[in-house]
Amino acid sequence: MEKVVVVTGANSGIGLALCERLLSSDSQVRLCLACRNMERAEAARAALLTSHSSARVDLLHLDVGSVPSVLGAAEEVKTRYSRIDFLYLNAGIMPNPTVDIRAFFKGLFSRNVINMFATAEGLLTQQDQLNSDGLQEVFATNLFGHFLLIRELEPLLCQPGHTSRLVWTSSSNARRSAFSIEDIQHRRGKEPYSSSKYASDMLSLALNTHKNKQGLFSSVICPGLVMTNLTYGILPSFFWTLIMPIMWLIRIFTNTFTLTPYAGAEALHWMFLQKPESLDPRAKYHSLTSGLGTNYTEPRIMDLDDEMTEVFFSKLLELERAVRRNLSEKTADSEHYQQYINRT
Ligand SMILES: NC(=O)C1=CN([C@@H]2O[C@H](COP(=O)(O)OP(=O)(O)OC[C@H]3O[C@@H](n4cnc5c(N)ncnc54)[C@H](OP(=O)(O)O)[C@@H]3O)[C@@H](O)[C@H]2O)C=CC1
Ligand SMILES: CC(C)CCC[C@@H](C)[C@H]1CC[C@H]2C3=C(CC[C@]12C)[C@@]1(C)CCC(=O)[C@@H](C)[C@@H]1CC3
């Protein structure tokens with residue numbers, strides 16, 4: 001039977017590598033590439049069809065960082081498909097990153113060096129901004145847009161007698177100390193990326209608590225450190241070229257340096273092959289690469305607090321109501337405006 005797989009942020013990096021791997025391993029897959037830039041989406045589709053000429057690859061316009069776009073895309077999905085088997089919540093941003101060079105060299109000569117390379121703890125800050133919906137951009141893109149998409153697609157994701165799966169591309173950079181329940185959008189801090197990824201870990205757990213009975217299962221993965229547009233944006237490109245041999249050397253000593261999008265997509269692809277009942281809702285599944293270059297997936301228990309997770313889930317539902325209210329007021333305003341224009 002055909003399996004409908006929707007992937008957000010599918011036009012490059014880990015998302016595109018996942019699509020390639022899914023088509024190579026299962027001829028029943030019907031892919032839907034959900035992307036904000038249709039030119040790049042077309043190019044990704046063309047690349048996939050070059051190696052899989054008979055594959056079914058659909059395109060969907062989705063800017064996950066914009067509420068109207070998410071609502072429009074969800075409507076489109078509901079007209080196209082009767083159910084969704086897998087929804088990969090992969091699109092993500094890390095805008096204006098800064099590396100703390102002093103902290104890097106301090107960490108390099110400390111006992112924490114392996115952890116520093118695996119998680120970038122204490123190394124990275126970002127500068128966030130408000131988007132057109134009045135939300136913090138990183139939170140809106142990495143988390144809230146995906147949450148709204150799930151909420152809108154519930155009729156396709158929660159169907160009697162059928163199991164649907166959500167897979168979040170989280171990160172080992174997700175840290176509880178970067179997240180504040182009083183400031184879920186991370187308006188005040190300097191680590192919006194880490195906060196948004198920790199938020200996705202909590203949301204996945206909450207969705208399992210609330211939706212497993214309806215046949216919806218959620219998991220989180222970390223792709224490891226992968227060289228993609230996101231990572232190339234962290235340092236100037238000449239710098240990456242300079243340190244690239246060192247990165248491949250480090251790969252021998254730490255299994256989290258997956259480096260290629262193919263290897264980074266390991267856990268995402270592995271998820272596709274697992275029965276949801278066999279997965280631990282409190283674990284993050286890591287793509288890892290051994291010193292000899294073998295890719296594998298390993299679970300690690302996440303640092304989650306049940307009470308905070310539930311409070312966070314209620315806050316998201318509250319924010320969803322506020323966002324919808326705001327949107328319908330705007331629509332009503334523009335209808336009044338249109339009526340006024342028509343009268344004059
Ligand atoms: N690379 C790494 O080392 C790691 C990456 N990750 C996560 O992996 C995921 C994929 O990133 P990666 O492949 O590395 O980087 P890329 O930048 O290559 O991919 C990110 C994808 O997300 C899309 N995207 C960004 N913003 C939006 C938006 N508003 N609406 C729709 N699509 C959007 C991008 O589209 P466009 O081309 O239009 O920008 C792109 O297709 C992210 O969630 C990232 O946080 C996690 C841990 C490590
Ligand atoms: C000499 C230089 C200053 C060297 C700088 C190296 C850093 C740029 C990298 C060291 C660990 C890396 C890392 C990430 C980005 C690049 C580093 C900070 C991530 C934060 C990328 C995105 C993720 O989600 C994480 C899993 C990565 C963790 C490691």
Side-chain angles (χ1 to χ4, degrees), residues 7-19 33-41 43-44 60-67 69-70 73 88-95 97-108 113-126 131-133 137-138 140-146 149 167-175 191-194 196-198 200 220-236 239-240 242-244 246-247 250 254 256-265 267-268 284 286-287:
V7 183
T8 71
N11 61 270
S12 67
I14 298 159
L16 180 57
L18 167 70
C19 293
L33 316 186
C35 308
R36 63 175 164 181
N37 181 317
M38 294 319 274
E39 238 172 76
R40 283 182 225 156
L60 174 74
H61 182 250
L62 167 67
D63 179 346
V64 83
S66 148
V67 170
S69 173
V70 172
Y88 281 95
L89 308 145
N90 169 74
I93 53 167
M94 185 197 274
T98 307
V99 180
D100 185 337
I101 306 283
R102 277 182 72 178
F104 175 78
F105 283 107
K106 215 173 146 201
L108 202 57
V113 59
I114 299 284
N115 182 57
M116 179 184 82
F117 278 119
T119 65
E121 187 175 343
L123 282 190
L124 273 179
T125 52
Q126 304 89 31
N131 71 5
S132 53
D133 301 311
E137 198 181 15
V138 176
T141 307
N142 296 2
L143 186 100
F144 188 70
H146 284 129
L149 184 66
V167 184
W168 296 85
T169 309
S170 177
S171 166
S172 54
N173 188 244
R175 256 190 13 266
E191 294 178 278
Y193 181 82
S194 180
S196 72
K197 294 296 177 182
Y198 185 73
S200 73
V220 276
I221 72 99
C222 170
L225 174 63
V226 188
M227 297 317 298
T228 61
N229 295 338
L230 183 141
T231 28
Y232 279 118
I234 295 174
L235 294 170
F239 205 90
W240 279 121
L242 270 177
I243 65 169
M244 207 37 89
I246 303 172
M247 302 286 280
I250 298 174
T254 164
T256 59
F257 271 42
T258 44
L259 297 186
T260 66
Y262 180 93
L268 289 158
K284 184 176 290 177
H286 292 251
S287 297

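Remember, it's 1-based here, ligands and their atoms both numbered in the order they're listed. Keep in mind that what you see is a predicted model, and the values were worked out from it rather than measured.
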Item to complete: Considering heavy atoms of the protein only, find what lies nearest to atom 11 (C) of ligand 2 and give residue, atom and distance to 0.1 Å.
Response: Phe117 O, 3.7 Å
Practice prompt. Please identify which atoms of ligand 1 are closer than 4.0 Å to at least one heavy atom of Gly9.
Written response: 21 (C), 22 (O), 23 (C), 41 (O)
Discussion item. Heavy-atom contact check, 4.0 Å cutoff: does Ala118 meet ligand 2?
Written reply: yes
Worksheet entry | Residue portion contacting ligand 1 (non-hydrogen atoms closer than 4.0 Å) for Leu62 | backbone
Worksheet entry | ligand 1-proximal atoms of Met94, by part, heavy-atom distance under 4.0 Å | neither
Worksheet entry | Subset of ligand 2 atoms that lie under 4.0 Å from at least one heavy atom of Leu235 | 8 (C)
Worksheet item: At a non-hydrogen distance cut-off of under 4.0 Å, which region of Ala91 contacts ligand 1 (side chain, backbone, both, or neither)?
Response: both
Discussion item. Any nitrogen or oxygen of Arg40, side chain or backbone, less than 3.5 Å from one on ligand 1?
Written reply: yes
Discussion item. Less than 4.0 Å is my threshold; does some heavy atom of Thr8 fall inside it relative to ligand 1?
Written reply: no
Worksheet item: Applying a 4.0 Å heavy-atom criterion (strictly less than), which segment of Val64 is in contact with ligand 1: side chain, backbone, both, or neither?
Response: both
Discussion item. Quick test: of every protein heavy atom, which one is nearest to atom 16 (C) of ligand 2, and how far off is it to 0.1 Å?
Written reply: Ile234 CD1, 4.0 Å
Worksheet entry | Which residue and heavy atom of the protein sit nearest atom 3 (O) of ligand 1, plus the separation | Val226 N, 2.8 Å
Practice prompt. Not counting sequence neighbours, which residues clear side chain to side chain donor-acceptor pair (under 3.5 Å) with Asn115? List them please.
Written response: Asn112, Glu121
Worksheet entry | Atoms in ligand 1 flagged as close to Ser170, the criterion being non-hydrogen separation under 4.0 Å | 46 (C), 47 (C)
Worksheet item: Among protein heavy atoms, which lies nearest atom 6 (C) of ligand 2, and at what distance?
Response: Phe104 CE1, 3.9 Å
Discussion item. Please work out, at 4.0 Å between heavy atoms, whether the side chain, the backbone, both, or neither of Met227 comes within that distance of ligand 1.
Written reply: neither
Item to complete: Could you tell me whether Trp240 and ligand 2 have an N or O pair separated by under 3.5 Å?
Response: no
Worksheet item: Taking heavy atoms and a distance under 4.0 Å, where does Thr256 meet ligand 2: side chain, backbone, both or neither?
Response: neither
Worksheet entry | Element-labelled atoms of ligand 1 that are located less than 4.0 Å from some non-hydrogen atom of Gly65 | 29 (N)
Worksheet entry | Identity and distance of the protein heavy atom lying nearest atom 25 (C) of ligand 2 | Ser171 OG, 3.6 Å
Discussion item. Taking 4.0 angstrom as the limit and counting only heavy atoms of Thr169, give me the atoms of ligand 1 inside it, by number and element.
Written reply: 7 (C), 8 (O), 9 (C), 43 (O)
Item to complete: Please work out whether any backbone atom (N, CA, C, O) or any side-chain heavy atom from C-beta onward of Cys222 is under 4.0 Å from ligand 1, and answer side chain, backbone, both or neither.
Response: neither
Worksheet item: Would Gly224 count as a contact of ligand 1 if the rule is a heavy atom under 4.0 Å away?
Response: yes
Discussion item. I need the nearest protein heavy-atom contact for atom 3 (C) of ligand 2: residue, atom name and distance, please.
Written reply: Ile101 CD1, 3.5 Å
Item to complete: Would you mind listing which atoms of ligand 1 come within a distance below 4.0 Å of any non-hydrogen atom of Lys197?
Response: 42 (C), 43 (O), 44 (C), 45 (O)
Worksheet item: Just which atoms of ligand 1 are under 4.0 Å from any heavy atom in Ile93?
Response: 25 (C), 26 (N)
Discussion item. For ligand 1 and Ser171, I'd like to know whether there is a polar contact (N/O to N/O, distance under 3.5 Å).
Written reply: no
Response to the item:
Tyr88 meets the ring-ring contact (aromatic ring centres under 6.0 Å, His included) criterion, sequence neighbours left out, with Phe86
Item to complete: Answer yes if the side chains of Ser69 and Asp63 hold a donor-acceptor pair under 3.5 Å, and no otherwise.
Response: no
Fill in: Distance filter under 4.0 Å to Asp63 heavy atoms, resulting ligand 1 atoms
28 (C), 29 (N), 30 (N)
Worksheet item: For ligand 1, is there an N or O atom under 3.5 Å from any N or O atom of Ile14?
Response: yes
Discussion item. What I want to know is whether Asn37 and ligand 1 share at least one N or O pair that is separated by under 3.5 angstrom.
Written reply: no
Worksheet item: Counting only heavy atoms, which portion of Leu230 has something under 4.0 Å from ligand 1: side chain, backbone, both, or neither?
Response: both
Worksheet item: In the protein, which heavy atom is nearest to atom 39 (O) of ligand 1, and how far is it?
Response: Arg36 NH2, 2.8 Å
Worksheet entry | Numbering as shown, the atoms of ligand 2 that approach Phe239 to under 4.0 Å (heavy-atom distance) | 1 (C), 2 (C)
Worksheet item: Of the protein's non-hydrogen atoms, which lies at the shortest distance from atom 14 (C) of ligand 2, and what is that distance?
Response: Leu225 CD1, 3.6 Å
Worksheet item: Is there side-chain contact between Thr98 and Leu124, with heavy atoms separated by less than 4.5 Å?
Response: no
Worksheet item: Looking at Ser12, which atoms of ligand 1 are within less than 4.0 Å of one of its heavy atoms?
Response: 16 (P), 18 (O), 19 (O), 40 (C), 41 (O)
Worksheet, complete the sentence: atom 20 (C) of ligand 2: closest protein heavy atom, distance to 0.1 Å, is Leu124 CD1, 3.3 Å
Discussion item. Could you identify the single nearest non-hydrogen protein atom to atom 17 (C) of ligand 2 and state the distance to 0.1 Å?
Written reply: Ala120 CB, 4.6 Å
